[in-house]
Amino acid sequence: MDISTLFSAMPGAVSQGLIWGIMAIGVYITFKIQDVADLTVDGTMSLGGAVCILMLTHGQNIWVAILAATLAGMIAGLVTGVFHTGMGIPVILAGILTQLGLYSINLKILGGKANQAISADKYDLLVSLRYVKGVAFYKNAIFIVAVFVIVIIAILYWFFGTERGCSIRATGCNPNMSRAQGINTNFNTVLGLMLSNGLVGLASALYAQYQGFADVNAGRGAIVIGLAAVIIGNVIFEKIFHNFALKLFAVAIGAVIYYMVLQIVIWLGLDTNYLKLLSALVVAVFLAVPYWKKKYFNKPVKKGADNNA
Amino acid sequence: MLKIDHIYKTFNIGTINEKTALNGATLTLNEGDFVTVIGGNGAGKSTLLNAVAGTWFVDQGSILIDGVDVTKMPEHKRARFLGRVFQDPMMGTAATMGIDENLALAARRGAHRGLKSGITKAEREHYKELLTELDLGLENRLTSKVGLLSGGQRQALTLLMASLKKPKLLLLDEHTAALDPKTAAKVLALSDKIVAENNLTTLMVTHNMRDAIAHGNRLIMMNEGQVILDIAGEDKKNLTVEDLLQKFEEVSGEEFANDKALLS
């Protein structure tokens, strides 16, 4: 176990973590702001890459390809949203349905194969795992993805401060109150799902370029990684980050930490087949912490209102 | 201002829990009316308010607000006519958002919500003044999360939100029932003040007969999904709780079955 192999793996872990950080910010929107668990993302995390590579191999510009991947993700979110609000399907099931349907669509996009390679030599890719070390900083994958993260956070910070953005936050917090204040909660739920899955589609496009291939299974368990990043970011930065932009930043950092820990665990010699099991258990425990806290460590709170109104 | 014409609503049709909550209820409110609504448990008081608010659609009958037929209008669209305060203090505000943000949401009731700023500096100043008038010390906690407020403070804030954009109709659904007596009295006094200042047409459900008599210019009693008693003007001013109980027995042929109403 040579520590230098661990260090040499870290730049890769950071860039991969940042890409998944974009995905995790998408999960943050649904899970934290909208208060829904959207499982569409498992499908979207494969879809974006497939669309991106399809566009590239058909001679499209890299930016057009990334935009198309983002739009594809938004459509996936739209489908889940319509399943939920228009057809009354519980949101978790609606997400699972879209995710399952996307598996066929992703296979179709990849030409019936489970994966499709894209060479960084033949195509002008934005990010690649070959550009994490020993290249000019503006070509470095970490730098490019970091710029993406910052721009995305800036846009989201602005958007959730607008009238529409505020109404989406209110919808997630209290749908009854929102309707009483004239907010179309169904519309907002769909809009939030589209926004979230658009980001996941974008992350997927970057991830496929980074890895050099799109894979129909790239998104398997994506929701768990996204949740892990959200939770890690929340636990570590809860006390210091109160600003919304910083909270989003914490999520991206959470994803980076997740991938760094993963790298360490691999370096320690864990059978990589156990990685998903480990991720699932870690997320389960962290999700349980607030519940346990409430159940076993809280002093009983006096019910009803107090007198100083 | 409000015209409710023979509305019917049955929940859980075809099951053993089938319950006819509204059975041809009819009621007309004139502009400036402040009507208190009383009745036993399950009489249809809150159901009547929910029907007006559009929580669900009625099975039959029609509802007009200021001449507009809202019978088939979804809840969020109807909201532009209505100000609402709920029984549960948690229900009327967004707990994870600031006091200022909640007010800003209410200020945009009925307006298009686009990409303009969700709250402006001028608005904050305005809200600060309004909160100063409330005299609950909230003016210095403008950006505090509403979840940190007490039940009474939240109901006061919800009242302010309901009247921020003058509604055609104010719906108060037992909005003091979850508060302790002292706080309840304060919130009721504030309701009176807001209604009077804005000359709001108001429908207030209460389980407290004394409150129902003391507030408003009209009182209606509901039983089994219908309005069975409608008292206004001088008659209402001279009402006593005993009168009400007696009238209830006369009209319905049974005893008023709600201890809470009698004891409080």
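Every value quoted in this text rests on a predicted model; they were computed, and no experiment measured them. When reading the values below, keep in mind they use all heavy atoms of this one structure, side chains included, and skip hydrogens, waters and symmetry mates. Chain letters run A, B, ... following the sequence lines, proteins first, then strands; residues in each count from 1.
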Participant: Taking A:Asn174 for the side chain and B:Met91 for the main chain, is one N or O donor matched with an acceptor at less than 3.5 Å?
Facilitator: yes
Participant: May I ask you to name which of B:Leu138, B:Leu149, B:Leu82, B:Thr93 has the most heavy-atom pairs under 4.5 Å with chain A?
Facilitator: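 Of B:Leu138, B:Leu149, B:Leu82, B:Thr93, B:Thr93 has the most heavy-atom pairs under 4.5 Å with chain A.
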Participant: Are A:Gln181 and B:Arg113 packed together at the side-chain level, in the sense that at least one heavy-atom pair is separated by less than 4.5 angstrom?
Facilitator: yes
Participant: If you take all heavy atoms of B:Leu105 and A:Ala170, which pair is closest and at what distance?
Facilitator: CD1-CB, 3.5 Å
Participant: Taking all non-hydrogen atoms of both residues into account, name the closest pair between A:Ile183 and B:His76 and its distance.
Facilitator: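 Scanning both residues, the minimum pair turns out to be O-CB, 3.2 Å.
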Participant: For A:Arg179, which of B:Glu75, B:Lys77, B:Arg84 qualifies under side chain to side chain contact (heavy atoms under 4.5 Å, CB included)?
Facilitator: B:Glu75
Participant: What part of B:Ala106 gets within 4.5 angstrom of chain A, counting heavy atoms only: side chain, backbone, both, or neither?
Facilitator: both
Participant: Taking all heavy atoms of A:Cys166 and all of B:Gly118, pick out the closest pair and write down the distance.
Facilitator: SG-CA, 4.1 Å
Participant: What residue in B:Gly114, B:Ser117, B:Gly83, B:Ala111 has the most heavy-atom pairs under 4.5 Å with chain A?
Facilitator: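 Heavy-atom pair counts peak at B:Gly114.
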Participant: Check each atom of A:Phe160 against the heavy atoms of chain B and say whether the ones under 4.5 Å are side chain, backbone, both or neither.
Facilitator: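 Contact with chain B: none, neither part.
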Participant: Heavy-atom pairs under 4.5 Å with chain A - which of B:Leu171, B:Thr158, B:Leu134, B:Leu115 has more of them than the others?
Facilitator: B:Leu115
Participant: Between B:Arg80, B:His112, B:Glu101, which residue shows the highest count of heavy-atom pairs closer than 4.5 Å to chain A?
Facilitator: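 Most heavy-atom pairs within the cutoff with chain A belong to B:Glu101.
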Participant: Might you point out which heavy atoms bring B:Ala95 and A:Cys173 nearest each other, and give the distance in Å?
Facilitator: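 Closest pair (atom of B:Ala95, atom of A:Cys173, distance): N-SG, 3.3 Å.
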Participant: Please state whether the side chain, the backbone, both or neither of B:Thr96 comes within less than 4.5 Å of a heavy atom of chain A.
Facilitator: both
Participant: Would you say A:Phe286 has more than 12 foreign heavy atoms packed within less than 6.0 Å of its CZ?
Facilitator: no
